[in-house]
Structure formats: structure tokens, C-alpha cells
Asks: 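Structure in C-alpha cells, see below.
What you see is a predicted model, and the numbers here were worked out from it, not measured in a lab. All residue numbers refer to positions in the sequence shown, counting from 1.
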Amino acid sequence: MVQCSACARRTRPLARSCTVDVGAVQPVVGLGRPCTTVMYTALIGAYDDFHAFAAAHQKHRVVGTQVCYVALVDVVRGLSFSYWRPVLVRPQFPDQPARSAHLLKTVPFQLFPRAEWVVYIDAKTTLSVPITVWVGRLHRTDATRPLHVLRHPHGAIRTARNGLFREIGAERHWVEKRRRGRWAQDVADIDALAARYCAAAPLCSIGDVVESSLIVWHAVPSLRALRRLACHWYHEVRNGSQREQLSFPYVVHASNASRLVHYVEYEEYQRHWGWLDHRGCDASGKCRDNR
């Protein structure tokens, strides 16, 4: 594990231009109607309980033409999708379902180019208000920033100037403790990410760690900087590390893009958001609900 005090003193900036291969991510078509807001999740692999997820959101479903609910799946697996529309996608990493799912968080504009608001939500997460209410609340709170993310819920990390370094250590400890399949490769992945970021930036000075289970993108016309941020995040996950929650703060820092991001404080979202806290997970993957 690297020592953040031994890392680079200056940040190596990311390139001013960035593109996502059009052949790698195709727009979702055939929704049948224009969608002002799209709420989507990714089911790559067979470890998420989609039925429980859909049932938890059923009472907050927005009926009508304003919202489209989309589940990106690699295989239908006989699921009953209810009001969610299943859309088959080809995983970019067939042998790494988590990495393939994480990639889909980073390409909202490629997937839904006609939507004004695109909301990604993990299938282990519940939102206890209609998505239109949540989006409206965020927009009223900060209409100047087009990307809304949840600040990390654990206090020692979310308030720390070196939050990314702390979260790297916490993530490594959690993976070693659970020892699920491929855990040794996951530890190596985290170590490689830490070493690369240590060589490219002062890890002691990167904070603003997020909880990436709920992300809201506002497709402001011609906002190239936001698309560049998303593009660099995509390449970090695709070519660097599957740990998308760790690469996000680095990309924001190295892109000098903090002005684009509204960090929703834990006290603001904890009443409306529930998730499976990985600190309470056992080796089989069973976790406790944080709500």
C-alpha cells in the first residue's frame, strides 16, 4: 500500500480532449416515446435482487410520459421487469461483470442522448421519493452544477482532505475481510490504482469521495466540460481499475472539474436513500440495510 506523503507533489492533468468509442456504447433506442428523465440501473451478472429493488420503488413510480425506467441487462434471466424496460447490452468485460456494470455508470450521454436528466441507481439502493421530486430538489438546491452525487456516508472519509487515500485503504481492508471470489485480484486492482494515482497526483490532497450508487446528470446543452469529465471517468474504469468510486474523485481533481459537481451532504440525503452497507456484509454477500 502506498504512502500518500510519498506521492507526487503536483497533479498531472488529464487531456483536454476525450472520446468514447462509438462502437463500445450504443444509444438505447425503442423506448417508444421521448423521455425527459431516464432512471436506469445495470444488471450485469446474477447477484442483484432485482425483484426486491423494483418492488421497493413501485410505490414511488412516476406514471405517464415524463420518466422512463430502464434496466440494462446482459441476460434477461426470466426476470419480471414490471414497469422497468429491459434493454440487452453486451458487457465490455464478459469475465468481469462488476467492471462491465460500473462502465455503464459513466456513459449517460451515450446511452440516453435525448434525455434532459439521466439518473443512475444501483440495484442495491432504494430511493424513498419519486425520482422527479428528488431531481427537482437537487436542481433547486444547486442549479449551476450539472452533476449531482452523494458525498461518502462515512464521516472519517467524507470530511477528510485526504478522503480518497482513506477510502482506498478502507476499500482494500473490506475486500480482504470478505474474501469473496477473485478477492486477491481485487486487492491487486486497488493497489495498482493507488500506485498509479500516487505517481500522478498528491493523494494527500484529494478529498470529495462519493457514494456512487445514485448519480444525477443534467444534460445542459453544449457543456463540453461535463462530457469530458464523464469520458475520462469511463476510460479510468475501462483501462485502469474497475473501482469507479475511487477513480471519480481522482478524475474530478485531475480535470479541475469540481465546479461541475454538486456534492449532496449525507444529512441531506440519508432520509430518502437506503443502501446495503458493505461494512455489514458477510462472505456470502448478504448485507444489512442501512435504512
Asks: Check the pair Val264 / Thr141 against side chain to side chain contact (heavy atoms under 4.5 Å, CB included), numbers first and verdict last.
Replies: CA-CA 9 Å; Val264 186; Thr141 300; over 6 Å; no
Asks: If you measure from the SG of Cys204 to the SG of Cys4, is it under 2.5 Å?
Replies: yes
Asks: Starting at OG1 of Thr106, measure out to OH of Tyr234 and round the result to the nearest 0.5 Å.
Replies: 7.0 Å
Asks: Is any side-chain heavy atom of Asp186 less than 4.5 Å from a side-chain heavy atom of Glu171?
Replies: no
Asks: Distance check, rounded to the nearest 0.5 Å: Cys231 atom SG versus Gln110 atom CD?
Replies: 7.0 Å
Asks: Closest heavy-atom contact between Ala225 and Arg259?
Replies: CB-NH2, 3.8 Å
Asks: Do you know the tightest heavy-atom contact between Ala195 and Val2?
Replies: CA-CG1, 3.8 Å
Asks: Carefully, step by step, assess Leu193 and Tyr250 under the rule side chain to side chain contact (heavy atoms under 4.5 Å, CB included).
Replies: CA-CA 10 Å; Leu193 173 145; Tyr250 166 75; over 6 Å; no
Asks: Just grab all the salt bridge (charged side-chain N to carboxylate O under 4.0 Å, His left out) pairs involving residues 89-107, residues at least two apart or on different chains.
Replies: Lys105-Asp122, Lys105-Glu244
Asks: For atom CZ of Arg77, is the number of surrounding heavy atoms from other residues, nucleotides or ligands below 6.0 Å larger than 12?
Replies: yes
Asks: Report yes if the side chains of Val261 and Arg145 come closer than 4.5 Å at any heavy-atom pair, otherwise no.
Replies: no
Asks: Locate the shortest heavy-atom distance separating Leu43 from Ala71; write the atom from each residue and the value.
Replies: CD1-CB, 4.4 Å
Asks: Is there a path of hydrophobic side-chain contacts, each under 4.5 Å between heavy atoms of I/L/V/M/F/W/Y residues, joining Leu104 to Val75?
Replies: no
Asks: Could you check if a side-chain atom of His272 sits within less than 4.5 angstrom of a side-chain atom of Ser128, using non-hydrogen atoms only?
Replies: yes
Asks: So, taking the atom named CZ in Arg243 and the one named CD in Glu167, what distance separates them when rounded to the nearest 0.5 Å?
Replies: 10.0 Å
Asks: At what distance, to the nearest 0.5 angstrom, does CG of Leu164 lie from CD of Gln245?
Replies: 10.5 Å
Asks: Report yes if the side chains of His57 and Ile121 come closer than 4.5 Å at any heavy-atom pair, otherwise no.
Replies: yes
Asks: Kindly indicate whether the side chain of Arg166, heavy atoms from C-beta on, has any atom under 4.5 Å from the side chain of His154.
Replies: no
Asks: Supply the atom-to-atom distance Ile131 CD1 to Arg61 CZ, rounded to the nearest 0.5 angstrom.
Replies: 14.5 Å
Asks: Quick one: do Leu103 and Val25 satisfy side chain to side chain contact (heavy atoms under 4.5 Å, CB included)? Show the steps, please.
Replies: CA-CA 10 Å; Leu103 271 173; Val25 183; over 6 Å; no
Asks: Starting from the C-alpha separation in whole Å, work towards a yes-or-no answer on side chain to side chain contact (heavy atoms under 4.5 Å, CB included) for Leu203 and Asn162.
Replies: CA-CA 7 Å; Leu203 279 184; Asn162 63 341; over 6 Å; no
Asks: If only side-chain N and O atoms count, and only distance matters, is there a donor-acceptor pair under 3.5 Å linking Glu211 with Ser213?
Replies: yes
Asks: Sequence neighbours excluded, which residues qualify as side chain to side chain contact (heavy atoms under 4.5 Å, CB included) partners of Arg151?
Replies: Arg158, Asp208, Tyr263, Glu265
Asks: Looking at side-chain heavy atoms only, is the closest gap between Phe165 and Cys198 below 4.5 Å?
Replies: no
Asks: Between the side chain of Arg228 and the main-chain N/O of Arg16, is any donor-acceptor distance below 3.5 Å?
Replies: yes
Asks: How far apart are the closest heavy atoms of Ser255 and Leu14, and which atoms are they?
Replies: OG-CD1, 3.4 Å
Asks: Please confirm whether Tyr40 and Tyr69 have ring centers closer than 6.0 angstrom.
Replies: no
Asks: Could you tell me which non-hydrogen atom of Cys18 sits nearest to which non-hydrogen atom of His235, and how far apart they are?
Replies: SG-CD2, 3.5 Å
Asks: Would you call Leu111 and Val118 a side-chain contact if the rule is heavy atoms closer than 4.5 Å?
Replies: no
Asks: Looking at the rings of Phe81 and Phe50, which for Trp means the six-membered one, are their centres under 6.0 Å apart?
Replies: yes
Asks: Tell me, yes or no, whether the heavy-atom count around His51 atom NE2, taken from other residues, nucleotides or ligands under 6.0 Å, exceeds 12.
Replies: yes
Asks: For the ring pair Tyr266 and Tyr269, is the centre-to-centre distance below 6.0 Å?
Replies: yes
Asks: Evaluate the criterion salt bridge (charged side-chain N to carboxylate O under 4.0 Å, His left out) for residue pair Glu236 and Arg196; output intermediate values, then yes/no.
Replies: CA-CA 11 Å; Glu236 283 295 316; Arg196 189 158 54 88; 3.1 Å; yes
Asks: In terms of ring plane angle, is the pair Trp84 and Phe53 parallel, tilted or perpendicular, where the classes change at 30° and 60°?
Replies: tilted
Asks: At their closest point, which heavy atom of Ala8 faces which heavy atom of Ala199, and how far apart are they?
Replies: CB-O, 3.7 Å
Asks: Taking the side chain as C-beta and beyond, is there a heavy-atom pair between Leu88 and Val73 under 4.5 Å?
Replies: yes
Asks: Can you tell me how far apart NE2 (His102) and CZ (Phe93) are? Round to the nearest 0.5 Å.
Replies: 12.5 Å
Asks: In this structure, are over 12 heavy atoms from other groups packed under 6.0 Å from Asn256 atom CG?
Replies: no
